[in-house]
Amino acid sequence: MGLSTHVLDTMHGCPAAGMQVELHTTQGDQSTLVKRFVLNQDGRNPDGPLYDSASLKVGTYRLVFDVKGYFAAKGVALPEPNFLNRVSLDFGVAHTDQHYHVPLLVSPWSYSTYRGS
């Protein structure tokens with residue numbers, strides 16, 4: 001239960017180890033930074049779930065992924081400005097008794113997400 005994320009680099013076919021990520025809570029146009037972290041070798045938060053089931057609250061959240069920084073660090077030749085810089089995913093949590101997994105599949109030119117399990 002709780003909230004987790006996972007990022008896969010679809011350009012290289014591997015987890016996005018080393019990508020910087022931010023988690024925010026949101027309310028209307030306002031956001032509050034909860035934590036910053038760098039993805040581990042599996043493309044996940046090294047500290048485990050972002051929220052456990054006891055800490056996750058009904059509300060809206062934002063995950064911000066530093067896509068440009070990640071691909072630049074991998075040596076990918078990027079145009080200036082790059083097509084994707086930071087990818088922000090805004091999502092809602094309605095049921096704290098369920099697990100919310102927010103994966104990101106990303107390249108320098110595209111991304112997709114879904115509610116995973």
Show me the pairs that pass salt bridge (Lys or Arg N to Asp or Glu O under 4.0 Å) and involve residues 102-117, at least two apart or across chains. none
Cluster question for you: counting only ILVMFWY and a side-chain heavy-atom cut-off of under 4.5 Å, with indirect links fine, are L84 and L8 together? no
Applying ring-ring contact (aromatic ring centres under 6.0 Å, His included), which residue pairs with at least one partner in residues 1-30 are found, sequence neighbours left out? none
Filter on salt bridge (Lys or Arg N to Asp or Glu O under 4.0 Å), then keep only pairs touching residues 10-28, sequence neighbours left out; what's left? E22-R36, E22-R86
Do V7 and F91 sit in one hydrophobic cluster, given that two such residues count as connected whenever their side-chain heavy atoms are within less than 4.5 Å of each other, even indirectly? yes
Go through the steps for L50 and L56 under the test side chain to side chain contact (heavy atoms under 4.5 Å, CB included), then give the verdict. CA-CA 9 Å; L50 303 174; L56 185 62; over 6 Å; no
Kindly give the heavy-atom pair with the smallest separation between P46 and N40, and that separation in Å. CA-ND2, 3.8 Å
For the student: nearest non-hydrogen atoms of P15 and G43, plus distance: CB-N, 3.5 Å
side-chain hydrogen bond (donor to acceptor under 3.5 Å, both in side chains) filter on D90, not counting sequence neighbours, yields R62
The reported gap from CG in L3 to NZ in K57 (rounded to nearest 0.5 angstrom) is 13.0 Å
Could you tell me which residues satisfy side-chain hydrogen bond (donor to acceptor under 3.5 Å, both in side chains) with D42, sequence neighbours excluded, listed by chain and number? R44
Is the shortest heavy-atom distance from the side chain of V87 to the side chain of L63 under 4.5 Å? no
By the ring-ring contact (aromatic ring centres under 6.0 Å, His included) test, which pairs, at least two apart or in different chains, include something from residues 26-58? Y51-Y61
Side chains of residues 65-74: which donor-acceptor pairs under 3.5 Å do they make with residues two or more places apart or in other chains?
unit_1, atom_1, unit_2, atom_2, d
D66, OD1, G69, N, 3.0
K68, NZ, E80, OE1, 3.2
Y70, OH, D9, OD2, 2.7

Tell me every residue that passes side-chain hydrogen bond (donor to acceptor under 3.5 Å, both in side chains) with S53, counting only those two or more places apart in sequence or in another chain. none
Return the set of residues passing side-chain hydrogen bond (donor to acceptor under 3.5 Å, both in side chains) with T60 (not counting sequence neighbours), or none when no residue passes. T26
Tell me, yes or no, whether the heavy-atom count around F83 atom CZ, taken from other residues, nucleotides or ligands under 6.0 Å, exceeds 12. no
Is V93 linked to V64 within one hydrophobic cluster, defined over Ile, Leu, Val, Met, Phe, Trp and Tyr using a side-chain heavy-atom separation of less than 4.5 Å? no
Review item, side-chain donor-acceptor pairs of residues 101-108, under 3.5 Å, at least two apart:
unit_1, atom_1, unit_2, atom_2, d
H101, ND1, S4, OG, 2.6
S107, OG, W109, N, 3.1
S107, OG, S110, N, 3.2
S107, OG, S110, OG, 3.3

Any donor-acceptor pair under 3.5 Å from N82 side chain to N85 backbone: no
Same cluster (ILVMFWY, side-chain, under 4.5 Å), V38 and L89: no
